[in-house]
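Working notes for the structure below.
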Amino acid sequence: MTRTPEPSTTTPPESPSLRSDAEEAAEWQSRLLLNHYRHTPQAVLSGMVLSGLIACVLWGSAPHSMLIQWLVSVQVMMALRLLVTHHYLHSGGRARWSMRRWWIVAQVQTMLSGTSWGALGLFYAVIDDHTARAALLMTLMGVCAGSAALIGSVRGTLTIFGVLSMGPLIGVLLTRGDLAQTYMGAALVYYVFLVMVKGPARISQAMAAQHADRHDRDRLVARLEDAERVGQMGHLIWHQATKSSTLSAEAQRQLGFDGPTVDSAREVWSRVIEDDRQRVIRLSFQAVARGDRELRFETTIRGSFGLRDLRVVQRFDYDAQGQLSRTMTTTQDITELKATQRELRTLAFEDVLTGLVNRAGFTQRLHNREVQAVLMLDLDHFKYVNDTLGHATGDRLLVMMAQRLGTCLRSQDTIARLGGDEFAVLIHDAVNHARLDQIAGRLVEALSAPCRIDHHDIFVSASVGIAVREPGQNATTDADTLMQQADTALFAAKASGRSRHQFHSEDLSQRTRDRVTLEADLRRGLAERQFSVHFQPKVSLADGRIVGAEALLRWNHPERGPVSPDVFIPVAEDSGLIVAIGAWVLRDACAAAADWNRARPVDQPPLRIAVNLSPRQFLNHDLIGTVTTALARTGCRAEWIELEITERLLLDERGQAGETLDGLRAMGLTLAIDDFGTGHSALSYLTKYPISTLKIDKSFMRDITTRTDQAGVVRAIISMGHSLQLDLVAEGVETEEQARFLREQGCELAQGWLFGRPVPRIDFTALLLARAAQALTPAA
């Protein structure tokens with residue numbers, strides 16, 4: 001029999017949230033601090049009056065100048081305390097400063113007050129009038145007692161005040177040599193201990209205990225109220241002696257009884273639906289027969305609100321002879337919970353954002369249905385959309401991509417979103433290689449079309465990896481193999497330029513294994529310091545002087561030998577290792593720049609060392625903190641370092657790039673755009689951001705003396721740089737003809753093999769020493 005419980009027509013009220021112990025402790029400390037400052041005006045005003053009165057009393061006995069100085073200092077100090085207290089209570093200071101800072105202020109004020117009043121005790125040594133001495137003694141004792149009564153709520157303040165205010169007088173009494181005065185000094189020590197140390201400690205403990213008790217009571221009451229309000233729990237007690245049950249109000253509501261007493265167990269069992277009644281009765285009798293103390297089960301009842309699901313806990317009490325004496329049953333209405341669980345089971349295999357099958361549903365179909373081919377899809381540069389336009393825009397883009405997938409595939413195909421920007425397709429029926437090639441090409445074309453979202457034209461592309469079940473493969477046992485192969489093919493498609501599709505082959509698997517091995521070697525190389533930084537000279541085209549260098553990463557693998565940066569840098573980027581490697585390169589470059597410039601003659605301009613930044617370093621990490629640390633640890637000045645970024649970083653439309661660039665520029669570093677002309681070049685970026693230098697990409701250098709179009713591009717870049725008052729650096733200069741062309745066009749700086757190849761730091765140092773007073777003369 002299938003039944004559907006009726007939904008609840010009432011919504012339980014929200015339960016009050018319970019505060020954590022840390023929040024409670026912070027509130028208690030805040031109350032103590034507030035109490036301290038609320039009583040401070042009374043204490044201060046009393047002190048001001050009392051200081052004036054004691055000054056009058058001592059006027060005839062103490063030196064007038066000393067007494068006036070003391071009185072003025074006390075009054076000024078107390079007036080300042082009033083101002084600070086007014087700021088805390090009435091001028092917004094309580095919200096403006098943290099509680100910790102106000103706690104410190106209270107301690108400092110206490111020390112100042114104690115010191116001021118302590119100075120009064122020194123007058124005991126310079127006055128001879130016994131009445132005046134007695135008045136002085138009583139005044140200080142009264143001040144201590146008054147402080148204990150008024151402002152002793154801040155922990156530690158009374159002890160500090162007592163020691164500072166009474167300490168000088170005690171010292172005077174103990175050193176007078178008079179037995180009576182020594183006794184008075186000792187008595188005052190005991191007085192300070194009782195009034196200013198022991199007493200406040202006991203009071204503080206009592207207050208803390210009282211607060212803790214109240215806190216525990218409040219928590220208990222809150223939990224009970226929460227249980228009554230939200231738990232929807234009832235209870236009933238079956239008394240074996242009277243053969244009757246006593247029901248709570250909630251149990252009466254759940255089971256549909258009008259009164260708190262039911263005289264027959266049969267009436268209670270009758271509320272359980274007929275299909276489950278015998279099972280529930282059997283469970284209870286079996287538990288009693290075994291002598292169990294507790295029984296838990298779930299069932300369905302027909303109560304005043306229709307069919308409801310209940311979670312039941314029965315606890316059995318037995319007499320000395322082992323006979324059942326009482327059964328205590330707790331019932332909890334879990335109808336809404338069961339409905340939610342059924343809904344969750346329905347949604348468990350669906351992606352909430354796109355409506356496609358999710359990873360769990362994809363895995364289920366992959367293993368439980370026949371699969372002929374698996375296509376893995378990944379959106380190229382999707383993360384950059386999230387970083388620049390925000391996750392909301394990224395989510396809308398994913399929805400659009402899901403819709404496009406639906407238009408490209410058939411209804412019998414499974415389309416899934418596995419997470420992030422990763423999609424997958426299962427082809428369940430037999431298709432040939434040519435058909436799969438056509439499907440994948442259509443997917444790449446559809447997903448690579450531009451998207452318009454909130455006035456933004458978004459350009460992403462897609463890469464697709466394809467794995468096909470070979471004849472003889474088991475469709476279910478080899479499902480994970482197909483998945484792995486499709487993933488391998490996807491990686492190969494991305495590595496070979498993105499925006500394309502790739503079929504799996506054994507060669508691809510080997511390349512993937514090689515890539516995994518290379519990443520492991522990279523991690524080991526970073527740990528074992530296998531990397532080094534080489535420096536390529538940057539020269540002035542006007543006179544050949546070395547004006548700086550570019551720091552370039554090199555890797556000499558102990559087994560592979562020198563590994564090209566074109567091979568390992570992309571792997572470092574994909575794995576995230578580039579962040580740690582980049583930070584190490586920056587520190588090494590800063591250390592080199594500091595050494596070279598400290599040794600450089602004062603009449604020569606400093607060398608500026610250029611360091612490349614990875615997009616991962618720039619957008620996802622605390623770049624300013626990394627640069628600050630590198631400069632501080634090496635003693636390098638910011639103006640000796642130039643940071644090179646790619647044009648793609650300047651596409652940030654959320655302002656993150658601009659904020660970081662402004663922060664770096666404010667530190668004194670110069671910023672350069674590397675490989676200018678090969679990316680998303682735009683004048684708006686050059687005027688919007690604090691860029692100082694353009695580096696003309698080496699791809700333009702090869703044919704500038706033989707192709708007019710290439711020469712025209714370089715002329716345009718140089719002219720634009722001059723118009724924007726930017727420095728220009730030509731990369732990849734290898735011939736004198738190229739250098740001559742650049743000079744004629746007004747390019748100021750260049751680097752390339754014509755002027756020197758990248759060399760280790762020690763060799764670059766030797767090069768600087770050799771050419772310290774000479775211009776670099778290129779070889780013919």
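Taking the six-membered ring for Trp and the full ring otherwise, the centers of F568 and H557 sit at least 6.0 Å from each other.
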### Query
Stepwise, does the side chain to side chain contact (heavy atoms under 4.5 Å, CB included) test hold for M328 with F316?
CA-CA 7 Å; M328 294 175 289; F316 308 104; over 6 Å; no

### Task
Under the salt bridge (charged side-chain N to carboxylate O under 4.0 Å, His left out) rule, what do D309 and K338 come out as? Steps first, then yes or no, please.
CA-CA 7 Å; D309 289 312; K338 286 289 187 179; over 6 Å; no

### Query
Where do I458 and V385 land on the side chain to side chain contact (heavy atoms under 4.5 Å, CB included) test, with the steps shown first?
CA-CA 8 Å; I458 300 176; V385 175; 3.9 Å; yes

### Message
Applying side chain to side chain contact (heavy atoms under 4.5 Å, CB included) to L310 and I334, what does each step give before you reach the verdict?
### Response
CA-CA 6 Å; L310 290 187; I334 58 172; 5.8 Å; no

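Sequence neighbours left out, the pairs with a member in residues 282-292 that pass side-chain hydrogen bond (donor to acceptor under 3.5 Å, both in side chains) are S284-Q314, R290-D292.
Taking CG of L613 as the reference point, atom OG1 of T646 lies at 9.0 Å (rounded to 0.5 Å). To the nearest 0.5 Å, atoms CD1 (I581) and CZ (F531) are separated by 4.0 Å. Rounded to the nearest 0.5 angstrom, F382 CZ and N386 CG are separated by 4.0 Å. The distance from atom CE of M401 to atom SG of C451, rounded to the nearest 0.5 Å, is 3.5 Å. Here the straight-line distance linking atom CD of E274 with atom CD of Q278 works out to 9.0 Å at 0.5 Å rounding. In this structure, L490 CG and T488 OG1 are separated by 9.0 Å, a value rounded to the nearest 0.5 Å.
Cation-pi geometry between R271 and F257 is satisfied (NZ or CZ under 6.0 Å from the ring centre, within 45° of the ring normal).
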Sequence neighbours left out, cut at 3.5 Å: what donor-acceptor pairs do the side chains of residues 416-428 make with other protein atoms?
from	atom 1	to	atom 2	distance (Å)
R417	NE	G420	O	3.0
R417	NH1	D351	OD1	3.1
R417	NH1	D351	OD2	3.3
R417	NH2	G420	O	3.2
H428	ND1	E370	O	3.0
H428	NE2	T414	OG1	2.8

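For the side chain to side chain donor-acceptor pair (under 3.5 Å) test, residues two or more places apart in sequence or in another chain that qualify with D709 are R707. For the side-chain contact (heavy atoms from CB on, under 4.5 Å) test, no residue two or more places apart in sequence or in another chain qualifies with E445. Residues meeting the salt bridge (charged side-chain N to carboxylate O under 4.0 Å, His left out) test with R500, sequence neighbours left out: none. Residues passing the side-chain contact (heavy atoms from CB on, under 4.5 Å) test with Q438, sequence neighbours excluded: R435, R442. Considering only residues two or more places apart in sequence or on other chains, R311 meets the salt bridge (charged side-chain N to carboxylate O under 4.0 Å, His left out) condition with E298. Residues that satisfy the salt bridge (charged side-chain N to carboxylate O under 4.0 Å, His left out) test with D487, not counting sequence neighbours, are absent from this structure. Partners of N432 according to the side chain to side chain donor-acceptor pair (under 3.5 Å) rule, which considers only residues two or more places apart in sequence or in another chain, do not exist here. Judged as a side-chain contact (heavy atoms from CB on, under 4.5 Å), and not counting sequence neighbours, the contacts of E528 are R524, Q530. By the salt bridge (charged side-chain N to carboxylate O under 4.0 Å, His left out) test, R277 is found to be paired with no residue, residues two or more places apart in sequence or in another chain being considered. Residues satisfying the side-chain contact (heavy atoms from CB on, under 4.5 Å) criterion with V571, sequence neighbours excluded, are R515, L518, E519, L522.
No more than 12 heavy atoms of other residues, nucleotides or ligands sit less than 6.0 Å from atom CZ of R529. More than 12 heavy-atom neighbours from other residues, nucleotides or ligands sit within 6.0 angstrom of CD on E294. Environment of CZ in R279: crowded, with over 12 heavy atoms of neighbouring residues, nucleotides or ligands closer than 6.0 Å.
With hydrogens and angles ignored, the 3.5 Å screen pairs a side-chain donor or acceptor of N368 with a backbone N or O of Q364. Checked by atom type and distance alone, the side chain of D454 never pairs as donor or acceptor with a backbone atom of H456 at under 3.5 Å. With hydrogens and angles ignored, the 3.5 Å screen pairs a side-chain donor or acceptor of D380 with a backbone N or O of S499. The backbone N or O of I273 lies less than 3.5 Å from no partner atom in the side chain of D276, so there is not a single donor-acceptor pair.
When side chains are defined from C-beta on, S699 does not count as touching Q710, because their heavy atoms never get closer than 4.5 Å. Between D378 and F491, the closest side-chain pair of non-hydrogen atoms is not below 4.5 Å. Within the 4.5 Å cutoff, side-chain heavy atoms of W584 are placed close to those of V533. For the pair I466 and V374, the minimum side-chain heavy-atom distance is 4.5 Å or more. For the pair L389/I453, no side-chain contact is recorded, criterion being any heavy-atom separation below 4.5 Å from C-beta on. Between L307 and I301, every side-chain heavy-atom pair lies at or beyond the 4.5 Å cut-off. Counting only heavy atoms from C-beta outward, the side chains of I645 and D674 never approach each other to under 4.5 Å. Between P562 and R554 there is no side-chain heavy-atom pair separated by less than 4.5 Å.
Looking at S614 and E573, their side chains do bring a donor and an acceptor atom within 3.5 Å of each other.
Salt bridge status for D333 with R308: present, with a side-chain N to carboxylate O gap under 4.0 Å.
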